[in-house]
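Scroll down for the structure; my scribbles are underneath it.
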Amino acid sequence: MKINPAHISPCGLYCGVCGIYHATRENNLRFLKVLLRMYKSILPGTEGYTIDDLRCDGCHAERRSFTCRSCAVRDCTEKKQYDGCHECNSFPCSLIINFPVKTGRKVILRTIPYRREHGTEKWIRDEEKRYFCPGCNSRLFRGITRCNKCRESVNLD
């Protein structure tokens, strides 16, 4: 597996298993609409955003979702000249504790210590391995609770 540098997020939410990234890559307009509605319901100030504002190729790509363009965690790591939160002695800080997406916060709290202990490459490889349906082996993404293919209930986060 070749690691895409654009997918190495500083916060620990690996972009390669992100629903927004998958929907963008597959040009899945139905799913992008669902995601847009969800993010608008939990993130203040996003009322005017469109599907095009949601599309994303990864945290370090040129085309980033509005969720990533305005990320305080990413801004913090850049200011401190860190590759990610795994390098920061203040983890978990208030930016993580108050992260606006519950599943995201849960995943960050799991992945940052793991990345610290095992390194970036193993963290990515293990995140890639994690998101498959145990029933039908279909590719899944972070936050999903039911496989889209076989409908099996999953709890990966």
Side-chain angles (χ1 to χ4, degrees), residues 1 3-26 28 31-32 34-44 46 49 54-61 63-80 82-135 137-149 152-157:
M1 175 190 115
I3 295 173
N4 183 340
H7 294 172
I8 306 173
S9 62
C11 67
L13 296 174
Y14 171 62
C15 302
V17 296
C18 175
I20 296 171
Y21 167 70
H22 281 271
T24 299
R25 187 185 69 199
E26 296 163 10
N28 185 333
F31 188 37
L32 284 165
V34 168
L35 289 168
L36 181 63
R37 217 174 17 256
M38 183 203 64
Y39 280 106
K40 281 182 171 186
S41 75
I42 58 175
L43 297 176
T46 58
Y49 287 123
L54 186 64
R55 292 180 188 273
C56 191
D57 297 317
C59 188
H60 293 290
R63 179 171 62 172
R64 291 190 310 258
S65 167
F66 66 84
T67 61
C68 296
R69 285 192 308 261
S70 61
C71 178
V73 175
R74 191 166 154 265
D75 292 345
C76 178
T77 59
E78 286 179 359
K79 182 179 175 187
K80 292 179 177 181
Y82 291 158
D83 287 333
C85 294
H86 65 289
E87 296 177 343
C88 185
N89 291 328
S90 298
F91 178 84
C93 67
S94 63
L95 294 175
I96 303 305
I97 301 303
N98 299 315
F99 197 79
V101 181
K102 183 179 175 183
T103 299
R105 179 176 47 250
K106 183 179 175 184
V107 171
I108 291 168
L109 291 170
R110 172 180 60 79
T111 60
I112 292 300
Y114 189 88
R115 186 177 180 190
R116 261 188 193 154
E117 183 177 340
H118 299 284
T120 299
E121 188 173 322
K122 182 159 177 44
W123 159 62
I124 290 171
R125 292 189 193 291
D126 289 348
E127 286 296 285
E128 286 279 349
K129 289 177 192 171
R130 180 183 195 94
Y131 291 93
F132 282 91
C133 177
N137 206 36
S138 290
R139 184 86 166 120
L140 303 176
F141 50 86
R142 184 177 44 252
I144 198 165
T145 57
R146 184 171 304 281
C147 176
N148 288 330
K149 187 172 184 182
E152 182 171 327
S153 182
V154 293
N155 183 12
L156 303 174
D157 299 314

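Atoms CZ and CG, on Arg69 and Asp75 in that order, are 12.5 Å from each other to the nearest 0.5 Å. With rounding to the nearest 0.5 Å, the separation of CD1 in Ile108 from CZ in Phe99 is 4.0 Å. Taken to the nearest 0.5 Å, the CG atom of Asn4 stands 8.5 Å off from the SG atom of Cys15. Between atom SG of residue Cys133 and atom CG of residue Leu140 there is a gap of 5.5 Å, rounded to the nearest 0.5 Å. In this structure, NZ on Lys149 lies 9.0 Å from CG on Asn137, to the nearest 0.5 angstrom. How far CZ of Arg146 is from CG of Asn148: 10.0 Å, rounded to the nearest 0.5 Å.
The two residues Cys59 and Arg64 come nearest to each other via the heavy atoms O-CD, 2.8 Å. Contact detail for Leu95 and Cys76: the closest heavy-atom pair is CD1-CB, 3.8 Å. The two residues Thr77 and Cys85 make their nearest non-hydrogen contact at CG2-N, 3.9 Å. Closest non-hydrogen pair, Thr120 versus Arg115, comes out as OG1-NE, 2.9 Å. A pairwise comparison of heavy atoms in Ile112 and Pro10 identifies CD1-O, 3.9 Å as the closest pair. Nearest heavy atom pair, residue Ile42 against residue Val101, reads CD1-CG2, 3.7 Å.
Under the 3.5 Å distance criterion, the side-chain polar atoms of Arg142 are left unmatched by any main-chain donor or acceptor of Gly104. The main-chain N or O of Ala61 is never found under 3.5 Å from a side-chain atom of His7 such that the two would form a donor-acceptor pair. Side-chain N or O atoms of Lys80 include none that pairs as donor or acceptor with a backbone N or O of Cys88 at under 3.5 Å. Side chain of Glu87 to backbone of Asp83: a donor-acceptor contact under 3.5 angstrom is found.
Taking the six-membered ring wherever Trp is involved, the centroid distance between the rings of His86 and Tyr114 does not fall below 6.0 Å.
In this pair, Phe31 and Phe141 present their aromatic rings tilted. The plane angle is within the 30 to 60° band.
Between Glu121 and Ile3, the closest side-chain pair of non-hydrogen atoms falls below 4.5 Å. Annotation: side chain of Thr145 is not in contact with side chain of Ser153 (no heavy-atom distance under 4.5 Å). In this structure the side chain of Arg105 reaches within 4.5 angstrom of the side chain of Leu109, judged on heavy atoms.
Salt-bridge formation is detected for the pair Asp57/Arg63: a Lys NZ or Arg NE/NH1/NH2 atom is positioned less than 4.0 Å from an Asp or Glu carboxylate oxygen. One finds a salt bridge joining Arg110 and Glu127 here, because a Lys/Arg side-chain nitrogen approaches an Asp/Glu carboxylate oxygen to under 4.0 Å.
For the pair Arg139 and Phe132, the distance from NZ or CZ to the six-membered ring centre is under 6.0 Å and the angle to the ring normal is within 45 degrees.
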Residues Tyr49, Leu54; criterion side chain to side chain contact (heavy atoms under 4.5 Å, CB included); working and verdict: CA-CA 8 Å; Tyr49 287 123; Leu54 186 64; over 6 Å; no
Residues Ile8, Trp123; criterion side chain to side chain contact (heavy atoms under 4.5 Å, CB included); working and verdict: CA-CA 10 Å; Ile8 306 173; Trp123 159 62; 4.0 Å; yes
Step-by-step side chain to side chain contact (heavy atoms under 4.5 Å, CB included) determination, Phe66 to Thr46: CA-CA 8 Å; Phe66 66 84; Thr46 58; 3.6 Å; yes
CA sep, side-chain torsions, deciding dist, call: Phe91, Ile96, side chain to side chain contact (heavy atoms under 4.5 Å, CB included): CA-CA 8 Å; Phe91 178 84; Ile96 303 305; 3.9 Å; yes
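Tyr131 and Asp157 share a donor-acceptor pair across their side chains, judged by distance under 3.5 Å alone.
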